[in-house]
Amino acid sequence: MAAISGFQFAIDRGGTFTDVYARCPGGKTRVMKLLSEDPANYTDAPREGIRRILEEETGNKMPASQPLDTSQIDWIRMGTTVATNALLERKGVRMALLVTKGFRDLLYIGNQARPKIFDLEIATPDMLYEEVVEVAERVILEDSTCQLSKKPDLQIVTGTTGEKLEVWESIDKEQLTKDLQRIYDKGIRSLAVVLMHAYTFDGHEQEVGKLALEMGFEHVSLSSAVMPMVRIVPRGYTACADGYLTPCIKTYLDSFAGGFHNSLEGIRVLFMQSDGGLTPMDRFNGSRAILSGPAGGVVGYAMTTYKRQTELPVIGFDMGGTSTDVSRYAGEYEHVFETTTAGVTIQAPQLDINTVAAGGGSRLFFRAGLFQVGPESAGAHPGPSCYRKGGPLTVTDANLVLGRLLPDYFPKIFGKSEDQPLDREASLNGFKELTEQVNEFLSSQPGSVKKDPMTMEEVAMGFINVANETMCRPIRALTQAKGHDTSRHVLACFGGAGGQHACAIARSLGMATVFVHR
């Protein structure tokens, strides 16, 4: 490896843990793991990881309360789940939709798809926008066979696709200004603009965007800029997702950069996008950030496993603290161009990654005689019971109770002073209570087949089995559902919790080989 002049940082900010990998001048490498959220000790985990490594390697004191000196930093690359979590938890910014007059309910109606056709009660997903403004404008694709009466001075424009369009109605700026002022007065500062045929003629959207910014709106997502493609419904959803999430990303990026001298000016800072590519910090936006975190893992195992360790196709098994992401690589990246995440259809290139809400931090429930894992997660704060923050029982606690997770080999970053190991006693006490509930239920069932009460270890293993089956399903969807033989694959295991479950997953799917990355 060639000598480097400055520190190079690669960071994965997950839902539970933040991992920092650093190349130091001289060739030394450092790895650091921090809780993604630990308000008592730091405000931003990636910045704190960089600060600690710089301080330890240079020997210079760098107070956490002061901006970090960037003179010794070469570049920073990061994948983050900020956009994903904001969409899943509906914690984006307040926004309004601007759409061609007559189509105010277009995105609410959607494409009328019913993925769960046999559900007795269909729950429509909540809209991301809070208000709708109808823009009085209309352009029509030119059609020589049209017999409708037209204005004699009709303006003809040429779209980016080379198609001719007729401008039947120009924007009424006076009325639009009044409508925008109304929603501005309600405190809304982000807009998504979705006009008919904007994929080929963006003139009207540009006019609307310019007017909105002049009035003081902080962010405007134009569908013609976010995803200039036909089909206004997915284009509209994508623009709404961008308007909903991008301000959250910008807020985080400003906060992250604000912790460094001159806000990282002059430093190469790149963020991973959903399609597996890197983009500069100032061009990182919401619609392309949904899979920012998981995409980095796909690129990593594709470069280190396939055709290097094996000739077989590779299944990526990324089990983190909050969720598990699975993907497949057989010589080329598998992309999809329209996906639905948290009820929102997004039309943007993404790696084909299936995500399930089962991770190390997934909560354990005993409900009506059934063991249930997730989808609720304990996150990083308070985290699992063993994190010493009074959190609930999770998959991590089950692994700890069963001896599959060894505190001596786990980072000692818990407690008020961040130097305590995992608290096994807290996990044991939690499982004792849960085991009592399970046995009480079993004994109350008439004609119960199981006469002996379940042990604490049997209860813990029961939850592990449920979690494993939950994680096997998306792998089958990527392989068997597409005509591939699952057993003719290799399992590439990574993520903080992956090693505890990889062998069981491989055994269930008939795989003979598991690669665990160093």
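On a predicted model such as this, the values are computed, not experimentally measured, just so you know.
- Within the 4.5 Å cutoff, side-chain heavy atoms of E338 are placed close to those of R231.
- In this structure, the side chain of N262 does not engage the main chain of L264 through any donor-acceptor pair within 3.5 Å.
- Aromatic ring orientation, Y333 versus Y329: tilted (interplanar angle from 30° to 60°).
- Ring to ring, F366 and F371 are close: their centroids are under 6.0 angstrom apart.
- When each of D12, I11, V269, L253 is checked for a side chain to side chain contact (heavy atoms under 4.5 Å, CB included) with M78, only I11 meets the rule.
- The closest donor-acceptor contact from the side chain of R77 to the backbone of L270 lies at 3.5 Å or more, if one exists at all.
- Counting heavy atoms from C-beta on, the side chains of D202 and P228 never come closer than 4.5 Å.
- Using a 30° and 60° split on the angle between ring planes, F271 and F284 fall in the parallel class, below 30°.
- A donor-acceptor pair is defined here as one N or O able to donate and one able to accept, closer than 3.5 Å; such a pair exists between the side chain of S385 and the backbone of P392.
- At most 12 non-hydrogen atoms from other residues, nucleotides or ligands lie less than 6.0 angstrom from CZ of R488.
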What verdict does the side chain to side chain contact (heavy atoms under 4.5 Å, CB included) test give for H484 and H489, after you've listed the backbone C-alpha separation in whole Å, the side-chain angles of each residue and the deciding distance to 0.1 Å?
CA-CA 9 Å; H484 303 298; H489 289 73; 3.8 Å; yes
Test side chain to side chain contact (heavy atoms under 4.5 Å, CB included) on Q372 and L364 and set out the steps.
CA-CA 6 Å; Q372 181 178 334; L364 310 181; over 6 Å; no
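- Between the side chain of R388 and the backbone N or O of Q420 there is no donor-acceptor pair closer than 3.5 Å.
- Between H501 and C493 there is no side-chain heavy-atom pair separated by less than 4.5 Å.
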